[in-house]
Number of protein chains: 2
Amino acid sequence: MANSVKKATLKKDILEAAAELFKEKGYAATSVRELAQSVGLEASSLYNHIQSKEQMLQEICMGNANKFTDGIEHILKTYSNPIEQLEQIIKLHIDVAADSLSSVTVFNDEWKHLSPPYQETFLKMRKSYESKVLDIIKNGIESGVLRQVDPKITLYSFLTSLRWIHYWFKPGRISKERLYDNLRIIQLDGLKKE
Amino acid sequence: MANSVKKATLKKDILEAAAELFKEKGYAATSVRELAQSVGLEASSLYNHIQSKEQMLQEICMGNANKFTDGIEHILKTYSNPIEQLEQIIKLHIDVAADSLSSVTVFNDEWKHLSPPYQETFLKMRKSYESKVLDIIKNGIESGVLRQVDPKITLYSFLTSLRWIHYWFKPGRISKERLYDNLRIIQLDGLKKE
DNA sequence: TTTACATACGAACGTTTGTTCGTTTTTTTA
DNA sequence: TAAAAAAACGAACAAACGTTCGTATGTAAA
């Protein structure tokens, strides 16, 4: 029992260190030896806890993909007003980013290095997420609560500035609430018909 | 004469191919042999035209950094109204992205792989660019033409959705003008006081 | 205390990396 | 056409890569 806990946390530590290094130097430029050293092990010892370098990337990417997939699903079930839904999406991105800054960065920037089967799955999940947000935007335009903008351009402009939260969000300096309030104003008061 | 032209275009072709590959696979995951093959040469032959792999990255990054530095300088000299200045910044980012899609991507995503002296220079230029845009935003808030938002959050939200134009801008599908019109509405009508 | 098991290790593996070298081929200049 | 310069090449390099293996060490179960 105590054993399995210890083991579980070590694996978590390794994944966290991996995310941190992948974020800092990029996946391809991070060596397994380097990663091992950062958790106080030799490279060969790592393989008692992980299966491969890429498997770590997979876990990081899929873990975050699931957070967004689950998040949007919950939003769609809980809210029906497009404005509210967009507000909740802003909150979702802030929460996920704040929850695990480095792993979100990896999720965003390093998915290219997933090998074909996993990359396909990943991109399918992302596409599905984007199309759900796109539907919200289209919905908002049709129902007249959003301005008459190009839905696709709006989608990417909207998601993009949320996807980059992890780049400048330093948890100590700005509260999640302040961040949310501002992003809501910046993003939505431009979309909302007055 | 004809010689120097030919030579110059080959070097340009190589840099373009490099930008394309760096964009597609990332700098670290792109091999010199692969790059050579993509321009129909052997790896060793490449070194008659380039000095090193990293030097190509430097040229790509610095080239684009200069475009933005020059662009913002010109905007500040030509326009005085913060709204107009922000509009021109949107135009600048669209123009640079449309001008060389892949090299802008590299400029955005692969600068990490610059070695210390160049990375420092690069980051200094970026910082300087950002602080100029920040001043415009602060200016706009103080003079009352922009909403009372957090300047830093606004800065990053604004620049971020512009920095990612290259991710979804496919020159054939949407015109620069349509893109500009929409981004101006999305971004500025949320900032402009009505 | 002995037996089993998970973990850590150093050494080694086959590959791939960026780059250099000496030579041959192509192009330009005189 | 001969001489000079530029460009392309195959072979080779030392280093670094991800991963495997046999063995030693420490820990938990009997």
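Labels below follow one simple rule: chain letters A, B, ... track the order of the sequence lines, proteins then strands, and each chain is numbered from 1.
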Enquirer: Over how many whole Å does the gap from B/Gln37 atom CD to C/dT16 atom P extend?
Expert: 14 Å
Enquirer: From the list C/dG18, C/dT20, C/dT7, which nucleotide is the closest neighbour of the side chain of B/Ser31?
Expert: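 Among the listed nucleotides, the one closest to the side chain of B/Ser31 is C/dG18.
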Enquirer: How many whole angstroms separate atom CG of A/Leu10 from atom C1' of D/dG26?
Expert: 15 Å
Enquirer: Without swapping roles, check the side chain of B/Gln88 against the backbone of B/Ile75 for a donor-acceptor pair under 3.5 Å.
Expert: no
Enquirer: Please evaluate the base of D/dA6 for a donor-acceptor partner in the side chain of B/Asn48 within a cut-off of under 3.5 Å?
Expert: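 Checked by distance alone, the answer is no.
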Enquirer: Compute the centroid of each ring, for B/Phe68 and then for B/Phe107, and state whether the two points are separated by less than 6.0 Å.
Expert: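 Yes, ring centres under 6.0 Å apart.
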Enquirer: Rounded at 0.5 Å granularity, tell me how far CG in A/Leu10 sits from CG in A/Asn48.
Expert: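 Output value for this atom pair is 10.0 Å.
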Enquirer: To the nearest 0.5 angstrom, please state how far the NE2 atom of B/His93 sits from the CG atom of B/Leu183.
Expert: 11.0 Å
Enquirer: Can you check the A/Leu21 CG to D/dC17 P distance for me, whole Å?
Expert: 12 Å
Enquirer: With a 4.0 Å limit, can you tell me whether A/Ser45 has a side-chain N or O closer than that to the phosphate oxygens OP1/OP2 of C/dC9?
Expert: yes
Enquirer: Taking the side chain of B/Ser44 as its heavy atoms from C-beta onward, which of C/dT19, D/dC17, D/dC9 lies nearest to it?
Expert: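 Nearest listed nucleotide: D/dC9.
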Enquirer: Would you confirm whether A/Lys53, through its side chain, and A/Thr30, through its main-chain N or O, come within 3.5 Å as a donor-acceptor pair?
Expert: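 Yes.
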Enquirer: A/Ile14 CD1 to C/dA8 C1': how many Å, rounded?
Expert: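 Taking atom C1' of C/dA8 as the reference, CD1 of A/Ile14 is at 12 Å.
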Enquirer: To the nearest Å, give me how far apart NZ (A/Lys53) and C1' (D/dT20) are.
Expert: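 The distance from NZ of A/Lys53 to C1' of D/dT20 comes to 17 Å, rounded to the nearest Å.
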Enquirer: Side chains of B/Ser38 and B/Leu35, heavy atoms from C-beta outward: is any pair under 4.5 Å?
Expert: yes
Enquirer: According to a strict under-4.0 Å criterion, is A/His49 in side-chain N/O contact with OP1 or OP2 of C/dA6?
Expert: no
Enquirer: To the nearest 10°, let me know how far the axis at one end of the helix from C/dT1-D/dA30 to C/dT27-D/dA4 is tilted from the axis at the other, five pairs an end.
Expert: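 Inter-axis angle at the ends, rounded: 10°.
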Enquirer: Quick check for you: among D/dG10, C/dT19, C/dC9, whose closest atom lies nearest to any side-chain atom of B/Arg33?
Expert: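 Output: C/dT19.
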Enquirer: Of the options D/dT19, D/dC9, C/dT19, whose atoms approach the side-chain atoms of B/Val32 most closely?
Expert: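 Of the candidates, C/dT19 comes closest.
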Enquirer: Are B/Lys11 and B/Glu59 ion-paired here, with the side-chain N under 4.0 Å from a carboxylate O?
Expert: yes
Enquirer: Just how far, in rounded Å, is P of D/dA8 from CD1 of B/Ile50?
Expert: 12 Å
Enquirer: What integer distance in Å separates B/Tyr47:OH from C/dT20:C1'?
Expert: 9 Å
Enquirer: Send over the distance from B/Leu41 CG to D/dG10 P, rounded to a whole Å.
Expert: 11 Å
